Amino acid sequence: MKPRAQTTRRRTGVSRRSPIREGRPFPLGATWDGLGVNFALFSANATKVELCLFDIDGRRELERIELPEYTDEVWHGYLPEARPGTVYGYRVHGPYEPDAGHRFNPNKLLVDPYAKQLVGSLTWGPELFGYKLDSPDKDLSFDDRDSAHLVHKCRVIDPAFTWGQDRRPMVPWERTIVYEMHVRGFTKLSQHVPEAERGTFAGLAHGQVPRYLRSLGVTAVELLPVHAFVDDSSLIEKGLRNYWGYNSIGFFAPEPRYLHSAFANEFKEMVNQFHAARIEVILDVVYNHTAEGNELGPTLSLKGIDNANYYRLLPDEKRYYINDTGTGNTVNLSHQRVLQMVADSLRYWATETRVDGFRFDLATILAREPYGFDEGGGFLDACRQDPILSSVKLIAEPWDIGPGGYQVGRFPPGWAEWNDKYRDTVRAYWRGDDGKLPDFAARLAGSGDLFNKRGRRPWASVNFITAHDGFTLNDLVSYNDKHNEANGEGNRDGHSNNYSWNHGVEGPTDDPEITALRERQKRNLMATLLLSQGTPMVLAGDEFGSTQNGNNNAYAQDNEIAWLDWAGIAQEGRELLEFTRRLIAIRKAYPILHRGRFLVGQYNEELDVKDVTWLTPAATEMGIEQWTDPKAKCFGVLLDGRAQPTGIKRRGSDATLLLVFNAHEDVVEFTLPEVPEGNRWVGLIDTNDPARVEPGTFAFGHRYQVTGRSLLLFVLGVGEVPRRGLREGVRAILDIAETPIADEIL
């Protein structure tokens, strides 16, 4: 049984300025009720917890107050004089016994895991570590130096915010188009955002940003980590920073460097602006590890609060950490209080800040129990039954480096998943690799081999060709090899197997033929992404050919390498931008491109039609001989609108579309098939001729000369007057052509 603390004054002799009351053990964190602040901190193994109050800037410690009560393993107290703006931290007492998993050290000021805002930044120094760095015993030694002057402090916030007429866009999954972007990198070089706001939430809230995204046509932004994070000491020594942010230290607080103002509500203002433009906000969240690293890492928060419960430790050697993340530690979601912390964090962002969904970094770890991955594990069950979390978009990165770490297609119903098989297959096909046609067809059809089970829908496959981790679209077609020298790791970091192709020259070139081919390949890749079944995800900047100069691991490049260069968009970039807008408009115009059911080649005897037919260049249905031919690289996909499920009311009409893919280097003659209830094909897209705006008309049986390495899209025409589905698609093309993105938006 823990000893009950009486008062701070009796134990520490601090000033009577801050009388402490018992308070409540819930909610966890620092909660202002209009009269004072309740402080509550979970620690099952601590013997005493001190609340440390600081001046407004967090530079000077004013007093220490012992939390007087301990209920259900929660230390708590109530300060009637505290107000929003109060700056604080914790010192937690307990055994320092690394071999038993305990690393308490009250000399180290700790971040409240539930802090809603952090003050200052972290400065690396030996005082951050619970042990003496120069001791031969390493982490078995004990360091008694104070760390308060080097670490973040916490700030009590007033959660009140006037949302006005804010309404969640509530975009259905099948109509979702995700745009992955970085808070800092998106506006850092934007000439239309006030300089002081660039690289912040206020910068993203600037009217030009949601206006641009709305004009592009995407429906959701997926922000790289915005939770408070730490710059690794190894990067600081090299003059670099942790740009991506996958190094969390607070799951409730926004990253301080992204705040233009002194108020955490700046994030809510950004969400409000995106919602006004009918764009959803999805957060990339990192709950699998923290910035405290392994046994040799610093003591910043959880390690000093209750190391044995917050982290997964080796069962027989509790001094050491299970490292399924590759970053030194793994958060222990098998513990009910740790699971509660993560669930509370998600609910906080979903309710208080009104974000629309989450993408979970290394999500397999979150679903791993001590015995292995379990789709019925605590975390996934918590999300499934929670009325808040089950109603927002949940996206898993379904892999990690731990045992059984690759789980693509194995997350439960209700989840979407990043599909790296889509990425690799599409890249390899357009590079011209042999034998990729069957797998490529499966990816185009929504990866039913992975997701068509238990009532899951095609949207469960989040299709992407590029993401923050890897080459940009421009670099994918410009480099055979990674060029990560700027990271200071001898170019050893980052993926080496990128399925990329430089088309004859490594990096930039003035060769017009290579440039033309590269631009066509960008269009091929972007068109494949946006015309495939599933949920497309576009990397910010790919729509105009952004480059990282061959760096495929720009995690440490908080500079011009990773920032989007809006002023440097070339003419080719503008053409690609308009082409991307046209593709998105076409995807929205034709529901058949984002079906709610998987394409399985199902035959409807009543209508004598199949939902999808795979065609040879001779317009005959592909057979086993064609599917197994490793040299087959040209084929057609007939999506018949008549085969849609009946009795379901849909937006738009179900037109019949024909897609033609040619990854051969030479021209292939493709016969346009005859289709009942039509008399001609209307060409909407030819990646070899992207500037063509007016659709072309072609008779059945026309032998179309398909340029090497190109993609075509046709819609079935009927009679002299185009039917509704045809009109919608043609109108989408013409409207985009007549209203290009204005220069003032770029």
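Quick caveat: nothing in here was measured; it's all calculated off a predicted structure. Reckoned from all heavy atoms, side chains included, excluding hydrogens, waters and symmetry mates.
Side-chain N or O atoms of Gln548 include none that pairs as donor or acceptor with a backbone N or O of Thr472 at under 3.5 Å. Of the possible polar contacts, none joining the Gln273 side chain to the Pro210 backbone as a donor-acceptor pair under 3.5 Å is found. A donor-acceptor contact shorter than 3.5 Å links the side chain of Arg587 to the backbone of Ser532. At distances below 3.5 Å, at least one donor-acceptor pair connects side-chain atoms of Ser391 with backbone N or O atoms of Ile388. Under a 3.5 Å cut-off, the side chain of Arg359 and the backbone N or O of Ile395 do not form any donor-acceptor pair.
Under the 3.5 Å distance criterion, with hydrogens and angles disregarded, no donor-acceptor pair is assigned to the side chains of Gln626 and Asp629. Using modelled atom types, one finds no donor on one side chain facing an acceptor on the other under 3.5 Å when comparing Ser710 with Asn688.
Centroid-to-centroid, the aromatic rings of Phe544 and Trp566 come within less than 6.0 Å.
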* To do: List the steps and the verdict of side chain to side chain contact (heavy atoms under 4.5 Å, CB included) for Arg595 and Glu174.
  => CA-CA 7 Å; Arg595 283 170 44 105; Glu174 62 268 16; over 6 Å; no
* Could you walk me through whether Lys436 and Asp434 pass salt bridge (charged side-chain N to carboxylate O under 4.0 Å, His left out), step by step? => CA-CA 6 Å; Lys436 293 298 179 181; Asp434 291 343; over 6 Å; no
* To do: Could you walk me through whether Val538 and Met526 pass the side chain to side chain contact (heavy atoms under 4.5 Å, CB included) test, one step at a time?
  => CA-CA 8 Å; Val538 178; Met526 188 67 78; 4.2 Å; yes
* To do: Could you walk me through whether Asp449 and Arg443 pass salt bridge (charged side-chain N to carboxylate O under 4.0 Å, His left out), step by step?
  => CA-CA 9 Å; Asp449 55 328; Arg443 305 308 140 225; 2.9 Å; yes
* Asked: What do the steps show when you test Trp418 against Val408 for side chain to side chain contact (heavy atoms under 4.5 Å, CB included), and what is the final call?
  -> CA-CA 8 Å; Trp418 271 28; Val408 174; over 6 Å; no
* Given the rule in the side chain to side chain contact (heavy atoms under 4.5 Å, CB included) test, do Trp501 and Asn480 qualify, once you have shown the distances and angles that lead to the verdict? -> CA-CA 5 Å; Trp501 180 29; Asn480 283 348; 3.8 Å; yes
* Asked: Passes side-chain hydrogen bond (donor to acceptor under 3.5 Å, both in side chains), Ser461 versus Asn419? Steps please.
  -> CA-CA 6 Å; Ser461 175; Asn419 187 353; 3.0 Å; yes
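Atom CG of Asp542 sits about 4.5 Å away from atom CG of Leu473, to the nearest 0.5 Å. Taking OG1 of Thr528 as the start and CG of Asn463 as the end, the distance is 10.5 Å to the nearest 0.5 Å. Atom CG of residue Leu711 and atom OG1 of residue Thr687 lie 5.5 Å apart, to the nearest 0.5 angstrom. Here Arg523 contributes atom CZ and Asp689 contributes atom CG; the two are 9.0 Å apart, rounded to the nearest 0.5 Å. With values rounded to the nearest 0.5 angstrom, Tyr590 atom OH is found 11.5 Å from Leu531 atom CG. The OG1 atom of Thr509 sits 9.5 Å away from the CG atom of Asn502 when rounded to the nearest 0.5 Å.
Proximity of Val612 to Leu639: side-chain heavy atoms (C-beta onward) are separated by under 4.5 Å at one or more points. Contact check for Leu204 versus Leu223: side-chain heavy atoms found under the 4.5 Å cut-off. Contact of the Gln521 side chain with the His503 side chain is registered, since non-hydrogen atoms from C-beta on lie closer than 4.5 Å. Considering only heavy atoms from C-beta on, Glu519 stays 4.5 Å or farther from Pro690 through its side chain. Taking 4.5 Å as the limit, every side-chain heavy atom of Lys610 sits out of range of all side-chain heavy atoms of Asp640. With contacts defined as side-chain heavy-atom distances shorter than 4.5 Å, the pair Ser500/Arg427 does not qualify. Side-chain atoms of His702 and Thr671, non-hydrogen and from C-beta on, never get closer than 4.5 Å to each other. Asn498 has its side chain within reach of Asn552: a pair of non-hydrogen atoms, C-beta onward, lies under 4.5 Å apart.
The 12-atom threshold is not exceeded at CD of Glu625, counting heavy atoms of other residues, nucleotides or ligands nearer than 6.0 Å. Within 6.0 Å of the CD atom in Glu669, the count of heavy atoms belonging to other residues, nucleotides or ligands exceeds 12. The number of heavy-atom neighbours closer than 6.0 Å to CD of Gln705, taken from other residues, nucleotides and ligands shown, is above 12.
Salt-bridge formation is detected for the pair Glu280/Lys393: a Lys NZ or Arg NE/NH1/NH2 atom is positioned less than 4.0 Å from an Asp or Glu carboxylate oxygen. Using a cut-off of 4.0 Å between Lys/Arg side-chain N and Asp/Glu carboxylate O, Lys633 and Asp433 are scored as not salt-bridged. Contact check on Arg384 versus Asp386 returns no salt bridge, with no Lys/Arg side-chain nitrogen under 4.0 Å from an Asp/Glu carboxylate oxygen. For the pair Asp475 and Arg518, the salt-bridge criterion is not met [side-chain N within less than 4.0 Å of a carboxylate O]. The residues Arg642 and Asp654 are annotated as not salt-bridged, no charged nitrogen and carboxylate oxygen being separated by less than 4.0 angstrom.
Residues Thr364 and Gly404 approach most closely at CG2-O, 4.0 Å, considering heavy atoms. For the pair Lys482 and Ser496, the tightest heavy-atom approach, listed with the atom from each and the gap, is NZ-OG, 3.3 Å. Residues Thr219 and Arg175 share a closest heavy-atom pair of CG2-O, 3.6 Å.
By the ring-ring contact (aromatic ring centres under 6.0 Å, His included) test, Trp399 pairs with no residue at all, sequence neighbours left out. Not counting sequence neighbours, the partners of Trp415 by the ring-ring contact (aromatic ring centres under 6.0 Å, His included) test are Phe360, Phe411. Take Phe714 and apply the ring-ring contact (aromatic ring centres under 6.0 Å, His included) test, not counting sequence neighbours, and it matches Phe698, Tyr704.
The aromatic rings of Tyr212 and Phe186 are tilted relative to each other, their planes meeting at an angle between 30° and 60°. Ring orientation note: the planes of Phe661 and Tyr429 are nearly perpendicular, at an angle over 60° on the 30°/60° scale.
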